[in-house]
Amino acid sequence: MSQQGYVAAPPYSQAQPGMGGYQAGFGPGPAQPLYGHYGGPPQAFNGPPAAMMKPPASSAAGMPPPPVSNQYNPNVQQNGAHPQRYPAPPAVTSPYGQPPPASYNNMASPGPPQTHQLTNQMSAMALGNYGGAMQSPPPPTSSVAQQPFQGPPPPAIGQPQMAPGQHPPLMSAQMSPPLSPPAGMPPMAGPPMTGMSRPFPGPPQHPAGPAGFQQPGPAGFPPQAGQFGGHMAGPQPGMPGAFPAAPASMAGPPQKKMDLDSIPSTTQVIQDDRVQHGGQIFCTNTRGQVPPLVTTDFTVQDQGNASPRFMRCTTYSLPCTAELAKQCQVPLAAVIKPLARLPKKETPLCVVNHGDSGPVRCNRCKAYMCPFMQFIDGGRRFQCGFCSCVNEVPDSYFQHLDHLGRRVDLYQRPELSLGSYEFEATIDYCKKNHPPNPPAYIFMIDVSYNNIKSGLVKMICEELKTLLEKLPREEGMENSPIKVGFVTYNKVLHFYNVKSSLAQPQMMVVSDTAEMFIPLLDGFLVNYQESSAVIANLLGQIPDMFADTNESETVFAPVIQAGVEAFKAAECSGKLFIFHSSMPTADAPGRLKNRDDKKLVNTEKEKTLFQPQKSVYEQLSKDCVLTGCCVDLFLFPSQYVDLASMADVTSHTGGSVYKYNNFLMAKDGEHFLRDLRKDVQKSIGFEAVMRVRTSTGFRATDFYGAIHMNNTTDVEMAAVDCDKAVTVEFKHDDTLSVESGALIQCALLYTTISGQRRLRIHNLSLNCSSQLSEVYRSSETDSLINFFAKSAYRAILNQPIKTVREILVSQTAHMLACYKKNCAGPSAASQLILPDAMKVFPVYMNSLMKTAPLVGSTELPTDDRAHQRLLVMSLGVEDTQLMLYPRLIPLHSMDANSEEPPAPVRCSEERLCESGIFLLENGHVMFLWLGQAISPDHAQKIFNVPSISHLQGHMSTLPEVDNPLSRKIRSIISSLQEKRSNSLKLQIVQQRDKAELLFRQFLVEDKGLYGSASYMDFLCYIYREIRQLLT
Ligand SMILES: [Zn+2]
């Protein structure tokens, strides 16, 4: 696996003091911030234009265009690159006479967040907007109609010009009369908001007071001012922005509330995209077309480009030059999920057979036949779209061209007309030129004391009796071709002969774990259907055989080695399902010792906690990949097990790690079984090699995933299942052409479960542009954050977490500053301007920095941090989106008879209320949060108890109570369980319970448990960074 990553790119390798570092603080930064993400020389922004240094009051109206005005293309903007402007204060002067906080430590290290000052700063932001931006004309290029949350245009005249520092008198004038909440609005701000068409300038869709978030409207935006206003006593009843039932009563001492509705909302962005694209058909016939969001339900029609289910990009319009890419620092990457599931309504991929000669390819770059090949010379030759080489068309593939120069069989051939398809691979694509055997699954069960005592072994054996009936099979086939085998182990390994002709299974023990070998060939890997009686017999006996065990020591690496040897002997690939409970301390290869050291947290050496113990496991990974042995690890630890080392092989072989801390059958049993069932039944390919080719001018340089790399181009995966994604970063080699665009072809060579060698091809064409505004307009926040998560999580293997965080912040600020400078048009210097496609990028970025791997807290278990780090490396775009912005669904106010689940609300405690019931879910965990003042009616209907004080013990499922509300909630939960790629463990938490803290860490817009910033604070900080960059 490539260890280049961020090490190669300066930012992660060079801590640049003060460059956006939180430690370096909120205070004045370095005069010349440096950049160099793309490997170029550190680069500073151009000197500040004089006008921008002046206070907004004097610069707003007559400000000259930004210095690099040639980048600014009004037409492009009009076509959709509309900037989002957010109120923002001058950061240097505080209207309240308070100096800006001297340092801002609360993100990098736990410490008291400076709520008060930040609050005041945010007030200043809002108020500054009122003053400063008030008279700044709406940007000439932005279209009101295209901005769902932008208010009606402000009146052109009549607004006095005003500097931020001067606002208070005007503010108070504007604030009266306060608006009443819209009719029918419940006391909670959350749920009702989502139904509104433009919630984010806050509630008021008031005829009398058109209010724009961006262009501050005329008088009549009191809620925002009220919420921000540090000088206001608190929530004011009757004002839409006030949340009477909310946080003040929940989170200890009352604080000044900031109005969430004034900052960009992820739930709203998701909602808007659903309204725009939901239920529609997305045709992939246009180059550089930005697909609907991952959260939108749409149908894809392949018309020449790969479906976004297979491939998504950080931007669909690449900057033409490396220089431009460096300037904007928008990462250029694709997130590829080559075997992604397709919904039933979409056509499965066609399989093409080009006969004995195999798929037609370009002779020079080896790209596969695809819609980007141009046929010329009457159809006798074709020019490669990737390298421009002109190739002879093989006689067997010849076809005439029509008057438009297209082959007349264009639509009969998937490889000429579709973005995605498969080729049957010839013998040349097989290992040792031999067609592969169908793969095998080996179930390897740790039968040491802990697993026997917890009942886990019995549970696994019981489950396998039915689960093995459901092994993946090819479409239309009655039985699965996958073979199965069984091993149990503690300090020694037990292999089982389950040959169908045997009356009883036979056990063979291997105690020499140093030189692992397989004691039997015939009868170890068998067809389940043929041997089902013997297997049932075995599974029935295993728990009894070890019932009296006292053995608590285990081996681990030899278990994986045994799997590798078994696959080698059987000449097949396959997957190991290892069910393991403790750190392998028995004397054997791969023995581990406790190296957990909390003293390393927040030091230069913290990275060692994430690094695997090399040697044995590194070699084992290579062996596994070579053999096509994927390792899935189900861990049941009761203490530290050195997950970073134990899961190392898994993370390089396309496997998954599941972890159940302090496993209790009653609490976790069902959760584990759901995971196991999903995992066993997943569609999957083996012995995979992925190659990403690009047209000239750029190339794939870095790869992130559960992968192994022996060279710089071939992505090897022992197996790849339908949920695994590889994120590929691209860099420029040369200038890209606006006319010809940029092409990507991903070819995945793999073995199907029935042992066929296939090539799956995904093609995608992107635009190229010399306009930065186009790059931003075509960007995709969800893919960007996937890239940032993976690159940061890899970077922490080599660099201090603090440095990694600093780079994340600095790059965020840089991307947004570059946009403001080059694409946003004339605007008040005090405005925070975000590209439309990135307007919620900061909330994701802040959420990412609050994830366990990036938070240096001694309270977080090292194994949990290592687990999350590895988990994320193979996630696709929808998974990282959900992980970093969980769904928070209000259940108490929904219509129990409606078909649709309620719309999610923002992940903030402000949206909670004492009488509320909320479901929170992030693809991995699920919480049912119960407010303190839930009505007895709700308690009765949902839990069948008179009040929630009667709830006791662990509850992992809801009781089946016969009423619409109970049915509806259970159906929402089960449909989420169904949809997600792994099981969601349901945890019920009550407001103010100790367990509520677990829930609260997923309210990603709020301050983190370990001192990390709220979304509001982060935005404020980023805003200041941007100001700094631009002055
Ligand atoms: Zn070529």
Side-chain angles (χ1 to χ4, degrees), residues 306 310 338-339 348-373 375 379-382 384-387 389-399 407 409-410 412-440 474-477 481-482 567-568 570-574 625-628 654 683-693 710-711 713-720 745-763:
F310 296 121
L339 297 184
L349 298 198
C350 302
V351 182
V352 180
N353 187 345
H354 278 182
D356 291 342
S357 54
V360 178
R361 306 174 69 170
C362 169
N363 289 326
R364 186 197 288 163
C365 72
K366 303 293 177 196
Y368 293 86
M369 183 49 65
C370 68
F372 309 143
M373 303 299 187
F375 286 85
R380 284 185 291 275
R381 299 196 291 168
F382 70 92
C384 175
F386 298 89
C387 72
C389 174
V390 174
N391 298 269
E392 298 289 325
V393 174
D395 289 346
S396 58
Y397 198 66
F398 174 79
Q399 187 53 265
R407 279 172 64 117
D409 62 353
L410 180 70
Q412 280 85 57
R413 290 195 176 270
E415 76 276 17
L416 298 180
S417 51
L418 297 178
S420 299
Y421 43 87
E422 292 200 331
F423 287 117
E424 280 184 25
T426 55
I427 203 81
D428 300 339
Y429 293 87
C430 301
K431 207 192 273 179
K432 296 179 193 160
N433 286 351
H434 195 278
N437 291 313
E474 301 277 7
E475 191 77 22
M477 273 173 70
I482 296 174
F567 291 145
K568 271 186 198 162
E571 296 186 332
C572 70
S573 52
V625 173
L626 208 59
T627 319
S683 61
I684 185 168
F686 292 90
E687 290 180 284
V689 183
M690 188 172 107
R691 180 74 184 259
V692 178
R693 292 183 173 82
N710 255 335
N711 54 44
T713 51
D714 294 322
V715 180
E716 295 182 61
M717 291 169 280
V720 50
Q745 182 178 76
C746 163
L748 180 83
L749 175 65
Y750 73 102
T751 302
T752 66
I753 49 171
S754 56
Q756 273 190 43
R757 208 66 176 142
R758 292 263 183 90
L759 277 154
R760 179 172 284 216
I761 312 293
H762 297 300
N763 301 292

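Just so it is clear, the structure is predicted and the values come from calculations on it, not from any experiment.
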Enquirer: Could you tell me which residues satisfy side-chain hydrogen bond (donor to acceptor under 3.5 Å, both in side chains) with Arg757, sequence neighbours excluded, listed by chain and number?
Expert: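 Per chain and number, Arg757 pairs via side-chain hydrogen bond (donor to acceptor under 3.5 Å, both in side chains) with Thr751.
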Enquirer: Name the residue from Leu339, Val689, Leu759 that meets the side chain to side chain contact (heavy atoms under 4.5 Å, CB included) definition with Leu748.
Expert: Leu339
Enquirer: Tell me every residue that passes side chain to side chain contact (heavy atoms under 4.5 Å, CB included) with Pro394, counting only those two or more places apart in sequence or in another chain.
Expert: Val360, Ser396, Tyr397
Enquirer: State which residues pass side-chain hydrogen bond (donor to acceptor under 3.5 Å, both in side chains) with Lys431; sequence neighbours excluded, sorted by chain then number.
Expert: Glu687
Enquirer: Are Cys746 and Ile761 side-chain neighbours, meaning at least one heavy-atom pair lies under 4.5 Å?
Expert: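 Counting from C-beta outward, Cys746 and Ile761 never come under 4.5 Å.
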Enquirer: Is it the case that more than 12 heavy atoms not belonging to Asp428 sit under 6.0 Å from its CG atom?
Expert: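 For Asp428, atom CG is crowded (more than 12 foreign heavy atoms under 6.0 Å).
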Enquirer: Where is the tightest heavy-atom contact between Gly755 and Pro439, given as atom of each residue plus distance?
Expert: N-CD, 4.4 Å
Enquirer: Between Ala367 and Phe386, what is the shortest heavy-atom contact and its length?
Expert: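 Ala367 and Phe386 have their closest heavy atoms at CB-CD1, 3.5 Å.
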Enquirer: For Cys370 and Glu415, what are the C-alpha separation, side-chain angles and deciding distance, and is it a side chain to side chain contact (heavy atoms under 4.5 Å, CB included)?
Expert: CA-CA 5 Å; Cys370 68; Glu415 76 276 17; over 6 Å; no
Enquirer: Go through the structure and list residues passing side-chain hydrogen bond (donor to acceptor under 3.5 Å, both in side chains) with Ser754, not counting sequence neighbours.
Expert: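 Listed in chain order: Glu474, Thr752.
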Enquirer: Rounded to the nearest 0.5 Å, how far does CE of Met369 lie from NE2 of His354?
Expert: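 Interatomic distance, His354 NE2 to Met369 CE, rounded to 0.5 Å: 7.5 Å.
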Enquirer: Excluding sequence neighbours, so at least two apart, what forms salt bridge (charged side-chain N to carboxylate O under 4.0 Å, His left out) with Arg381?
Expert: Asp377
Enquirer: Would you kindly say whether Asn437 and Glu571 are connected by a side-chain donor-acceptor distance under 3.5 Å?
Expert: no
Enquirer: Going from CE on Met717 to CD1 on Ile684, what distance comes out if it is rounded to the nearest 0.5 angstrom?
Expert: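 Met717 CE to Ile684 CD1: 11.0 Å, rounded to 0.5 Å.
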Enquirer: Could you grab the distance from atom NZ of Lys366 to atom SG of Cys389, nearest 0.5 Å is fine?
Expert: 9.5 Å
Enquirer: Are Ser573 and Pro436 packed together at the side-chain level, in the sense that at least one heavy-atom pair is separated by less than 4.5 angstrom?
Expert: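 In short, these two side chains do not touch, never coming nearer than 4.5 Å.
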Enquirer: Calculate, to the nearest 0.5 Å, the distance between atoms CZ and CZ belonging to Phe398 and Phe382 respectively.
Expert: 14.0 Å
Enquirer: State, yes or no, whether a side-chain contact exists between Val393 and Phe375 at a heavy-atom distance under 4.5 Å.
Expert: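 Val393 vs Phe375: side chains touch.
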Enquirer: Which heavy atom in Cys384 sits nearest to a heavy atom in Cys387, and how many Å separate them?
Expert: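 Nearest pair, atom of Cys384 first, then Cys387: SG-N, 3.4 Å.
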Enquirer: Using the side chain to side chain contact (heavy atoms under 4.5 Å, CB included) criterion, which residues pair with Asp409? Sequence neighbours excluded.
Expert: Gln399, Arg407, Gln412, Arg413, Leu416
Enquirer: To the nearest 0.5 Å, what is the distance between CZ (Arg380) and CG (Asn391)?
Expert: 15.5 Å
Enquirer: Sequence neighbours excluded, which residues qualify as side chain to side chain contact (heavy atoms under 4.5 Å, CB included) partners of Ala440?
Expert: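 Side chain to side chain contact (heavy atoms under 4.5 Å, CB included) list for Ala440, sorted by chain: Lys483, Leu525, Phe567, Cys572.
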Enquirer: Got Tyr429 and Pro359 here, is their nearest side-chain heavy-atom distance under 4.5 Å?
Expert: yes
Enquirer: Taking atom OG of Ser420 and atom CZ of Arg760, what is their separation to the nearest 0.5 Å?
Expert: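 Answer rounded to 0.5 Å: 8.0 Å.
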Enquirer: Under the rule for side-chain hydrogen bond (donor to acceptor under 3.5 Å, both in side chains), what residues qualify as partners of Arg691, not counting sequence neighbours?
Expert: none
Enquirer: What pairs with Phe310 under ring pair (Phe, Tyr, Trp, His ring centres under 6.0 Å), at least two apart in sequence or on another chain?
Expert: His762
Enquirer: Kindly write out the residues that satisfy salt bridge (charged side-chain N to carboxylate O under 4.0 Å, His left out) with Arg758, not counting sequence neighbours, or none if the list is empty.
Expert: Glu422
Enquirer: Begin with the C-alpha distance, continue with both residues' side-chain angles, and end with the deciding distance and a verdict on side chain to side chain contact (heavy atoms under 4.5 Å, CB included) for Arg693 and Tyr368.
Expert: CA-CA 10 Å; Arg693 292 183 173 82; Tyr368 293 86; 3.8 Å; yes
Enquirer: Among all residues two or more places apart in sequence or in another chain, which pass the side chain to side chain contact (heavy atoms under 4.5 Å, CB included) test with Pro414?
Expert: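 So Pro414 forms a side chain to side chain contact (heavy atoms under 4.5 Å, CB included) with Cys350, Val352, Leu418, Tyr421.
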Enquirer: What residue pairs, at least two apart or across chains, pass salt bridge (charged side-chain N to carboxylate O under 4.0 Å, His left out) with a residue in residues 350-362?
Expert: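 Every pair satisfying salt bridge (charged side-chain N to carboxylate O under 4.0 Å, His left out) with a residue in residues 350-362: there are none.
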Enquirer: Where do Gln745 and Asn763 land on the side-chain hydrogen bond (donor to acceptor under 3.5 Å, both in side chains) test, with the steps shown first?
Expert: CA-CA 5 Å; Gln745 182 178 76; Asn763 301 292; 2.9 Å; yes
